[in-house]
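As a basis for the values below, the full set of heavy atoms in this structure was taken, side chains included, without hydrogen atoms, waters or symmetry mates. Throughout, protein chains are lettered first and strands after them, A, B, ... in sequence-line order, and every chain is numbered starting at 1. Not measured: the values here are computed from a predicted model.
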Number of protein chains: 2
Amino acid sequence: MSDKRKIAEAVITRLSIYNRALGEIGKEGLEIISSDELGNRIGYSAAQIRKDLSCFGEFGEVGKGYFVQDLRDVISHILGVDRKWNVALAGAGHLGSALLAYPGFKQWGFNIVAVFDNDLAKIGKKWESIVIQDISELAKTVKEQDIRIGAIAVPPQVSQEIVDMFTSCGIRAILNFATASITVPEGVKLRNVDLATELECLSYFLTNEAEVRSEVLGKIKNSSGEGG
Amino acid sequence: MSDKRKIAEAVITRLSIYNRALGEIGKEGLEIISSDELGNRIGYSAAQIRKDLSCFGEFGEVGKGYFVQDLRDVISHILGVDRKWNVALAGAGHLGSALLAYPGFKQWGFNIVAVFDNDLAKIGKKWESIVIQDISELAKTVKEQDIRIGAIAVPPQVSQEIVDMFTSCGIRAILNFATASITVPEGVKLRNVDLATELECLSYFLTNEAEVRSEVLGKIKNSSGEGG
DNA sequence: CAAATATTGTGAAAATTATCACAGCATCCA
DNA sequence: TGGATGCTGTGATAATTTTCACAATATTTG
Ligand SMILES: NC(=O)c1ccc[n+]([C@@H]2O[C@H](COP(=O)([O-])OP(=O)(O)OC[C@H]3O[C@@H](n4cnc5c(N)ncnc54)[C@H](O)[C@@H]3O)[C@@H](O)[C@H]2O)c1
Ligand SMILES: NC(=O)c1ccc[n+]([C@@H]2O[C@H](COP(=O)([O-])OP(=O)(O)OC[C@H]3O[C@@H](n4cnc5c(N)ncnc54)[C@H](O)[C@@H]3O)[C@@H](O)[C@H]2O)c1
């Protein structure tokens with residue numbers, strides 16, 4: 001059942017999680033895995049996994065399970081990560097530098113090919129082969145370098161400005177680390193990495209649920225936010 | 001209608017977002033705001049906001065709206081952020097250092113009071129008043145310093161180990177930055193900050209939806225991941 | 001070979017979540 | 001004063017998401 005209905009964002013998020021798990025499983029040398037076993041590892045139900053996959057096609061072998069490598073290739077293709085993406089980073093401060101130094105992005109196929117700041121002390125400095133550019137060059141560079149994804153690591157007060165710069169030069173996908181309420185035009189996908197919200201959810205849990213829940217401690221549960 | 005039913009995690013996440021928006025609105029000097037206007041700013045429907053709040057009580061004034069400061073206080077209390085929380089950080093590498101240097105946490109009431117690593121070159125070094133400790137001291141320090149939240153910024157391969165250390169010394173709330181499939185016991189809340197997943201969702205969007213969506217560009221939409 | 005076992009893919013049912021729509025109250029305005 | 005307006009809180013309704021449960025088919029075992 002792989003017709004082109006609107007797929008829920010939650011499905012995509014889980015696909016990404018399945019994909020990572022499949023990578024780990026592959027490294028262990030396992031060639032085939034059932035939805036049940038995969039689910040146990042990552043804390044989702046077998047039915048959920050099968051339903052999610054069924055949005056895109058039939059990839060399993062009845063009575064057997066899924067070929068780990070094949071399923072991985074399929075999911076990678078669905079996610080569009082069987083290619084490289086060029087990423088621009090705005091803000092070369094503490095967080096921006098950590099992101100730049102992080103080899104994970106490149107490994108996953110997301111290349112930070114340009115970095116922008118407005119601090120004269122930083123502009124012109126190099127990180128590996130990338131020279132930090134003046135923020136005013138953003139639009140030009142985005143076009144020249146075929147950049148499709150923008151990452152935002154500037155202070156909250158200016159984050160909306162940067163979003164606007166990105167969207168007006170054609171960027172359709174933005175990863176925002178600034179803790180601010182920002183807005184994008186329709187047709188642009190924004191994902192927020194919002195530490196304040198993460199911590200506040202933990203705080204809520206500790207305040208309102210932790211005691212009650214801990215009574216039933218013992219069983220293992222999932223790894224994706226619903227640990228209780 | 002504020003009885004003690006199980007509240008959906010999504011509600012808590014939004015509460016946190018409302019709270020931040022209320023902070024910004026307060027700074028602008030506005031004293032009262034309607035659910036409708038608040039919703040417009042952050043991309044949620046007025047009904048959604050009212051429903052979410054109604055899980056906890058009645059905080060608005062009919063015909064008027066919500067007192068910005070009062071609602072903020074109420075939400076802060078619900079989230080349990082009208083107090084301080086002690087946080088332990090495992091891993092003082094690139095990301096760990098950025099987190100340590102980030103003043104936001106303290107401002108929000110989350111104090112990183114202890115940092116752990118297993119690299120002898122790092123152990124003993126100071127960041128402001130915090131000395132990086134050997135990871136083996138984790139349990140002792142967590143108890144001594146009344147630490148309730150653990151943050152994980154170690155390499156993926158060892159992240160599950162650290163989770164186990166945290167949970168076995170009583171930590172019930174964990175914020176994980178390592179890109180790995182990890183698991184926690186029931187009664188422990190885990191939130192993952194998973195950049196791989198974030199980027200892969202963007203990649204999916206660019207690959208499968210961006211062109212179609214961009215036809216209807218123009219209208220402003222919400223700021224929380226559903227920008228399309 | 002037949003019976004037992006494993007596992008998928010998927011309709012149907014259940015559960016959860018979001019939206020609608022409006023009664024009811026407060027405020028404003030003439 | 002009284003009618004128009006603005007906005008909340010919520011029951012009802014709609015939509016979405018997850019879980020269930022099983023037919024269909026492959027594999028293993030004796
Ligand atoms: N550091 C963290 O661990 C962390 C954690 C959570 C959230 N954040 C968020 O990430 C963002 C960056 O945090 P940080 O700690 O790196 O801050 P930072 O101050 O170290 O870096 C911000 C950088 O943005 C640059 N900048 C400022 N205005 C700019 C503009 N108009 N155009 C281009 N560049 C500009 C600054 O020169 C600086 O280099 C902030 O919004 C912060 O809330 C950071
Ligand atoms: N840096 C980033 O921007 C970034 C982005 C996304 C995800 N991450 C994830 O965050 C984690 C940390 O990334 P990083 O870039 O800071 O890596 P890093 O290598 O710079 O830092 C890891 C730190 O953990 C320490 N460590 C290793 N094993 C340990 C153990 N058993 N006990 C205690 N400490 C130990 C190391 O000594 C090092 O200081 C990784 O899991 C990575 O996947 C990082």
Side-chain angles (χ1 to χ4, degrees), chain A residues 1-15 17-18 22 25 30-68 70-71 74-75 78 201 221-222 224-226 228, chain B residues 1-15 17-18 22 25 30-68 70-71 74-75 78 201 221-222 224-226 228:
Chain A
M1 172 65 85
S2 67
D3 63 308
K4 204 79 180 199
R5 279 206 290 334
K6 157 108 207 195
I7 308 289
E9 186 130 343
V11 173
I12 306 307
T13 302
R14 286 191 299 264
L15 240 39
I17 292 168
Y18 304 158
L22 289 167
I25 291 161
L30 223 50
E31 293 193 351
I32 287 195
I33 192 160
S34 66
S35 57
D36 194 54
E37 171 143 4
L38 177 57
N40 284 339
R41 289 194 175 227
I42 57 180
Y44 290 108
S45 74
Q48 176 91 79
I49 293 172
R50 294 203 301 274
K51 242 296 147 58
D52 286 346
L53 293 174
S54 79
C55 297
F56 301 96
E58 306 188 3
F59 311 115
E61 308 266 319
V62 176
K64 233 173 170 179
Y66 300 86
F67 285 92
V68 172
D70 291 356
L71 185 55
V74 163
I75 296 180
I78 293 167
C201 287
K221 265 213 72 185
N222 99 29
S224 20
E226 267 301 351
Chain B
M1 169 67 82
S2 69
D3 63 307
K4 201 81 180 199
R5 277 206 291 336
K6 156 112 202 184
I7 308 289
E9 186 130 343
V11 174
I12 306 306
T13 302
R14 287 192 296 266
L15 241 39
I17 293 168
Y18 304 158
L22 289 167
I25 291 161
L30 223 50
E31 293 193 350
I32 288 195
I33 192 161
S34 67
S35 57
D36 194 55
E37 171 141 6
L38 177 58
N40 284 340
R41 289 196 175 225
I42 57 180
Y44 290 107
S45 74
Q48 176 91 78
I49 293 172
R50 294 202 302 273
K51 243 293 148 60
D52 286 346
L53 293 175
S54 79
C55 297
F56 300 95
E58 306 188 4
F59 311 115
E61 308 266 319
V62 177
K64 235 174 169 179
Y66 300 87
F67 285 93
V68 173
D70 291 356
L71 185 55
V74 163
I75 296 180
I78 293 168
C201 287
K221 264 216 72 185
N222 97 28
S224 22
E226 266 300 349

Tell me: CZ of B:F67 to C1' of C:dT27, nearest whole Å?
13 Å

OP1 or OP2 of D:dT19 versus the side-chain N and O atoms of A:Q48: is any pair under 4.0 Å?
yes

So, is A:S45 near the phosphate of D:dT19, with a side-chain N or O under 4.0 Å from OP1 or OP2?
yes

It should be established whether B:Y66 places a side-chain nitrogen or oxygen under 4.0 Å from OP1 or OP2 of nucleotide D:dG9.
yes

C:dT8 P sits how many Å from A:D70 CG, rounded?
14 Å

Counting only side-chain heavy atoms from C-beta out, which of D:dT19, D:dT17, C:dA18 sits nearest to A:K51?
D:dT19

Using a cut-off of less than 4.0 Å, is there contact between a side-chain N or O of A:K64 and OP1 or OP2 of D:dT27?
yes

Mapping A:R14 and A:E61 onto DNA chain D by nearest heavy atom, which one lands closer to the 5' end?
A:R14

Measuring from B:S54:OG to B:I49:CD1, what's the distance to the nearest 0.5 Å?
12.5 Å

Contact summary for A:C55 and A:I7, nearest pair of heavy atoms:
CB-CD1, 3.7 Å

Rounded to the nearest angstrom, tell me the gap between atom CG in B:L15 and atom P in C:dA18.
13 Å

Just wondering, do A:F56 and A:V11 contact through their side chains at under 4.5 Å, heavy atoms?
yes

Side-chain N,O (B:R50) to OP1/OP2 (C:dT19) below 4.0 Å
no

Close side-chain approach of A:Y44 to A:I17, heavy-atom, < 4.5 Å
yes

Rounded to whole Å, please give me the gap between OH in B:Y18 and P in D:dT8.
13 Å

Return the nearest nucleotide to the side chain of A:E58; candidates are C:dT10, D:dT8, D:dT10.
C:dT10

The helix from C:dC1-D:dG30 to C:dA30-D:dT1: angle between its terminal axes, five pairs each, to 10°?
10°

Show the nearest heavy-atom pair for residues A:L53 and A:F59, with the distance to one decimal.
O-CE1, 3.6 Å

OP1 or OP2 of D:dT8 under 4.0 Å from side-chain N/O of B:S35:
yes

Is there a side-chain contact between B:Y18 and B:D52 (heavy atoms, below 4.5 Å)?
yes

A:V62 side chain: which of D:dA26, D:dT8, C:dT19 is closest?
D:dA26

I need the single residue from A:E37, A:E31, A:R41 that forms a side-chain contact (heavy atoms from CB on, under 4.5 Å) with A:I25. Which is it?
A:R41

Interatomic distance, A:I49 CD1 vs C:dT7 C1' [rounded to whole Å]
13 Å

Nearest whole angstrom, please: distance from the P of C:dG9 to the CG of A:D36.
14 Å

Check A:I75 against A:L15 and note the closest heavy-atom contact, atom names and distance.
CG2-O, 3.6 Å

Just how far, in rounded Å, is P of C:dT16 from CG of B:D52?
17 Å

What is the distance, to the nearest angstrom, from the CG atom on B:L38 to the P atom on D:dT8?
10 Å

